[in-house]
Novice: 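Structure provided below as structure tokens; questions to follow.
Each ligand, and each atom within it, is numbered from 1 in the order the structure gives.
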Amino acid sequence: MHIKNKDFGSDIKWYDITNKELYMNRRRFIKTAGKVAVAGAVSLLAFPFANRISADDGKVKLRGIKKSPFSTDEAPNKYKDVTSYNNFYELGLDKRDPARNAGLLKTRPWTVTIDGLVNRPSVVDVDRLIQRYQLEERIYRLRCVEAWSMVIPWVGIPLAVLIKDAEPTSQAKYVHFTTLNDPEQMPGQRTGALKWPFVEGLRMDEAMNPLTLLAVGMFGEILPGQSGAPIRLVVPWKYGFKSIKSIVRISFVSEQPPTSWSSAASREYGFYANVNPDVNHPRWSQKTEQKIGKLGRFSTALFNGYGEHVAHMYSGMDLRKYY
Ligand SMILES: Nc1nc2c(c(=O)[nH]1)N[C@H]1C(S)=C(S)[C@@H](COP(=O)(O)O)O[C@H]1N2
Ligand SMILES: [Mo]
């Protein structure tokens, strides 16, 4: 990896906001090590963050973001809407709770374990991922199973890129994702609202689909806690609950893994959860949705409008059975 030392010292203020300890470690490193790029514990803390993250006006911005042809041209929702109307049961059941409780979540440092049926398992720091891979902006529609929707300008890394680097074996058929399990940081986990930790899963071809994103930011900034910081999945053709937040583990497995909402109520929520206006929730219609920030109701599209990119994965499958 090429390291640009010129960034040292100029844009490190963001540690003040996120993690004092790392900030201090890095300052010490800069003082003592100067420009020498060495491997080892100290440089591990100092290096990965240098080029792609900077602080500006108290905001932690991401840099080097590429635009994507997969983005919708629909106007994104306002930052305020996207970050104050959330589903994140670990931070509370009310739509406003996740924003209120986001401060309890310590999102840096943060590692993700990549393991299971892969040739190259790893434990990787999120900021290293941000440094290592090309970041893309993906403006996607998000359709919640509760029949509301938003348009969100994510910043992330295609999951397929990480999967290729992990080299799954031929036995790997599904990917299993796990959210942080820590009731101290996640007061919702002290309740029985769901079985904790929150888990989700995708079939391998779904995980490899070019639309599937591991988001590390939105609106050009790192993710706020309520949005699933520091790293969450975004699967835009599926109901929102598939887009699991605050991921600590990505495991490659041979059998279809359990997923939180289908375990809680299998009649109401399946493993696939593809957005489908023709399969109603047992307690409400999925034909229309409320677009947050707009008046009136809008029709819901099959695969949330992403059929062109994803329909082929389900040809021959009865979408009423595999809901
Ligand atoms: N760990 C975890 N991930 C989660 C949830 C949750 O409760 N816990 N809620 C899901 C649901 S139901 C939706 S609609 C989306 C909402 O994402 P947003 O709040 O960023 O819009 O996150 C999903 N990811
Ligand atoms: Mo949802």
Novice: Donor-acceptor check, side chain of Ser68 to backbone of Phe70, threshold 3.5 angstrom: yes or no?
Specialist: yes

Novice: Quick check: does Lys245 get an N/O under 3.5 Å from an N/O on ligand 1?
Specialist: yes

Novice: Should you measure from each heavy atom of Ile244, which atoms of ligand 1 turn up under 4.0 Å away?
Specialist: 3 (N), 24 (N)

Novice: Can you check whether Trp261 has an N/O within less than 3.5 Å of an N/O in ligand 1?
Specialist: no

Novice: Any heavy atom of Gly228 sitting closer than 4.0 Å to ligand 1?
Specialist: no

Novice: Is any NZ, NE, NH1 or NH2 atom of the basic residue among Arg283 and Glu268 found under 4.0 Å from an Asp or Glu carboxylate oxygen of the other?
Specialist: yes

Novice: Do any pairs count as a ring pair (Phe, Tyr, Trp, His ring centres under 6.0 Å) and have a residue in residues 78-114, sequence neighbours left out, and if so which ones?
Specialist: Tyr79-Phe219, Tyr85-Trp148, Tyr89-Trp261

Novice: What protein heavy atom sits nearest atom 21 (O) of ligand 1, and how far away is it?
Specialist: Leu142 CD2, 3.4 Å

Novice: Tell me whether ligand 1 is touched by Arg232 - counting only heavy atoms on the residue side and a distance under 4.0 Å.
Specialist: yes

Novice: Any idea which of Val82, Asn87, Asn86, Val145 brings a heavy atom closest to atom 12 (S) of ligand 1?
Specialist: Asn87

Novice: Is there a donor in the side chain of Asp115 and an acceptor in the side chain of Ser251, or the other way round, less than 3.5 Å apart?
Specialist: yes

Novice: Please report which non-hydrogen protein atom sits nearest to atom 7 (O) of ligand 1, along with the residue it belongs to and the distance in Å to one decimal place.
Specialist: Tyr89 N, 2.8 Å

Novice: Give every donor-acceptor pair under 3.5 Å between a side-chain atom in residues 184-198 and any protein atom, sequence neighbours left out.
Specialist:
residue	atom	partner	partner atom	Å
Gln185	OE1	Lys106	N	2.7
Gln185	NE2	Asp182	OD2	2.7
Gln189	OE1	Asp182	N	2.8
Gln189	NE2	Leu180	O	3.0
Arg190	NE	Pro183	O	3.0
Arg190	NH2	Pro183	O	3.0
Thr191	OG1	Gly188	O	2.7
Thr191	OG1	Ala193	N	3.3
Trp196	NE1	Thr191	O	2.9
Trp196	NE1	Leu194	O	3.2

